[in-house]
Amino acid sequence: MTLACGLAAAGVLSGAGTALADDRPQTQNGATATINGLKAYGEAVIHEDGGTDLRVPAGLFDMSVDGGGTLQTYCVDLHNPTQRDAKYQETPWSGTSLGTNVNAGRIRWILQNSYPQVNDLDALARKAGATGLTEQDAAAGTQVAIWRYSDAAKVDAVDPQAEKLADYLEKSASPSAEPRASLTLDPPAVSGRPGDLLGPVTVHTDAAGVIVSPPADAAAQGMRIIDRTGKVITSAHDGSQLYFDVPEGAPDAAVQVGVQASTTVPVGRAFASESRSQTQILAGSSESTVSATVDASWAAEGAVPAVSARKNCAKGGVDVTVADKGDEPFTFDLMGTSHTVAPGKIETITVPLKEDQSYDVTVTGPNGFTQRFTGVLDCATQGPATAASAQTLSEPTPITLPGEAPTGTDLAATGGSALTPVITGAAIGLVVIGGAVLVILRGRENKAGE
């Protein structure tokens, strides 16, 4: 098991009630990766309303993990585009369309019982009643079965053997629980008084252990990270509780501490992008770097807030959680509305957002307190009528099957980069239709991020 040290950044408070004042995404938990393209794929036919059939690539994507490692994923967002080189973050189902999908557990069953988790393709073919399966057939059939549950899509695999696999997986799938994060810290933010212990922060991970590293200037501040017995710790494991030991008289400050480990990410974890690139679900993982962060702040007097945010697709917005560990109420402004949290209390406020809306949620309070969260709410799979809004202007039109008239509906495209082969015989270089071929961004990039 390889462990790597986490990095930390420190900031100085300018007065009571002031915390890290920067632009940040929701708290990082787990793996961060960049999508590369399709690894193994075949073809599928989407049967659209109005009788139009669209042929698209369908299969397994490859991702490169920041810090080392690779992931294999399928898409669960058929009609959204996959942006080339998009950055993805491991995300709870609640922050994606899976959070409100009653069949999300069946998708995880498919992942656990098909390619690449099952790499004996002859055995898989026998279960499916197929005469044989190639890697391409297995990937296409698995993706088709997933789309039937993730998007309620009318979709079939082109290859007869891949179609048999898709039918077998769809009919056999049973509910399975969401896998836990590869690494997360709970809560993601703590606060308190110098001389007190801040925390605890609980480590949740499937790794054998994680390395904990304090900020570079922690020794100068006198701040230590300890366990419940008071022992200074530099490593932890699942269930460990971390405390920030801040000496009495320490100047007001705020820090962000990270922990890292190397582990295989659990099959079924969702991966979401802030560039409106289609949501992915994990089908396989090598030993990969995972990390998580926690914010800690302290002040000698007044309110001492701890603020965090996370997407909540069930409520169609972003949950902003504010805790006050000070001795005075913390009054803050959120989206033009004033709120007050009493000392020792915690309040969660849901900021409602529109689907695919880029958000900029800022919490402001006394003494210059500012904490800002940005991102994109992507909680629903889209049908063809709305998918065009996510397209780039330079995207080619989708390919229709022989004998079918073009509909003019510009469905979002998915699947490989410029180096990825596309449908045989196509006269264009890329196919644009959700779920399979990576969209090449020309002239502009979507810069929305958390």
Side-chain angles (χ1 to χ4, degrees), residues 8-28 185-201 214-215 217-218 220-223 243-258 293-312 315 317-353 358-375 449-450:
V12 178
L13 296 172
S14 60
T18 307
L20 287 170
D22 58 0
D23 301 348
R24 68 184 66 184
Q26 278 59 65
T27 304
Q28 178 177 332
L185 298 174
D186 182 38
V190 294
S191 61
R193 290 271 183 255
D196 295 338
L197 291 180
L198 281 59
V201 175
D217 61 350
Q221 297 178 359
M223 190 272 286
Y243 295 83
F244 293 81
D245 182 19
V246 182
E248 190 170 356
D252 298 351
V255 299
Q256 186 175 78
V257 173
T293 58
V294 59
D295 295 332
S297 58
W298 55 88
E301 60 183 17
V304 190
V307 182
S308 61
R310 62 180 296 175
K311 297 176 187 177
N312 185 334
K315 293 185 178 180
V318 171
D319 286 343
V320 177
T321 299
V322 181
D324 181 10
K325 294 295 184 178
D327 54 17
E328 295 180 5
F330 177 59
T331 298
F332 62 95
D333 182 87
L334 175 62
M335 306 299 288
T337 301
S338 179
H339 303 268
T340 298
V341 178
K345 300 297 183 180
I346 300 175
E347 182 176 352
T348 297
I349 302 162
T350 301
V351 178
L353 299 166
S358 296
Y359 60 83
D360 188 335
V361 176
T362 303
V363 177
T364 58
N367 303 312
F369 179 95
T370 301
Q371 196 151 327
R372 182 182 180 195
F373 302 93
T374 60
E450 289 186 351

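Worth saying up front: this structure is predicted, and the values here are computed from it rather than measured.
Side-chain contact between V307 and V320: present, with at least one pair of heavy atoms (C-beta onward) separated by less than 4.5 Å. Looking only at side-chain heavy atoms (C-beta outward), H339 and I349 come within less than 4.5 Å of each other. Contact of the L198 side chain with the V246 side chain is registered, since non-hydrogen atoms from C-beta on lie closer than 4.5 Å. By the 4.5 Å heavy-atom criterion applied to side chains, M223 and P215 are counted as neighbours.
Residues passing the salt bridge (Lys or Arg N to Asp or Glu O under 4.0 Å) test with D327, sequence neighbours excluded: R193. Checked against side chain to side chain donor-acceptor pair (under 3.5 Å), T364 has no partners two or more places apart in sequence or in another chain. Here D333 pairs with nothing under the side chain to side chain donor-acceptor pair (under 3.5 Å) rule; sequence neighbours left out. A search for side chain to side chain donor-acceptor pair (under 3.5 Å) contacts involving D196 returns nothing, not counting sequence neighbours. Partners of D319 according to the side chain to side chain donor-acceptor pair (under 3.5 Å) rule, which considers only residues two or more places apart in sequence or in another chain, are N312, T350. Residues satisfying the ring-ring contact (aromatic ring centres under 6.0 Å, His included) criterion with F244, sequence neighbours excluded, are absent altogether.
For the residue pair V190 and G199, the shortest heavy atom distance occurs at CG1-CA, 4.1 Å. Counting all heavy atoms, side chain and backbone alike, P247 lies closest to P194 at O-CB, 3.4 Å. Across V351 and M335, no two heavy atoms sit closer than the pair CG1-CG, 3.8 Å. The heavy-atom pair separating A303 from D324 by the smallest distance is CA-OD1, 3.6 Å. Listed here is the closest heavy atom pair of V294 and P187: CG2-O, 3.7 Å.
Looking at D360 and R372, a side-chain N of the basic residue comes within less than 4.0 Å of a carboxylate O on the acidic one, giving a salt bridge.
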As a quick check of understanding, evaluate side chain to side chain contact (heavy atoms under 4.5 Å, CB included) for V318 and R310, giving each step before the final call. CA-CA 6 Å; V318 171; R310 62 180 296 175; over 6 Å; no
Can you list the steps and then say if V255 with D295 is a side chain to side chain contact (heavy atoms under 4.5 Å, CB included)? CA-CA 6 Å; V255 299; D295 295 332; over 6 Å; no
Decide side chain to side chain contact (heavy atoms under 4.5 Å, CB included) for V201 and Y243; before the verdict, give the C-alpha distance in whole Å, the side-chain angles of both, and the deciding distance to 0.1 Å. CA-CA 7 Å; V201 175; Y243 295 83; over 6 Å; no
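Between the side chain of S297 and the main chain of P305, a donor-acceptor pair closer than 3.5 Å is present. A distance-only check finds no donor-acceptor pair linking the side chain of Q256 to the backbone of A296 [under 3.5 Å]. Looking at W298, its side chain never comes within 3.5 Å of a backbone N or O of V304 through a donor-acceptor pair.
Separation of atoms CG (L185) and OG (S308) is listed at 12.0 Å; rounding is to 0.5 Å. With rounding to the nearest 0.5 angstrom, the CG atom of L334 is 12.0 Å from the CD atom of Q371. Considering OG1 of T362 and CZ of F332, their distance stands at 12.5 Å, rounded to 0.5 Å. Once rounded to the nearest 0.5 Å, the distance linking NZ of K311 with OH of Y359 reads 4.5 Å.
A donor and an acceptor atom, one from each side chain of T331 and T340, are located under 3.5 Å apart. Looking at T348 and T321, their side chains do bring a donor and an acceptor atom within 3.5 Å of each other.
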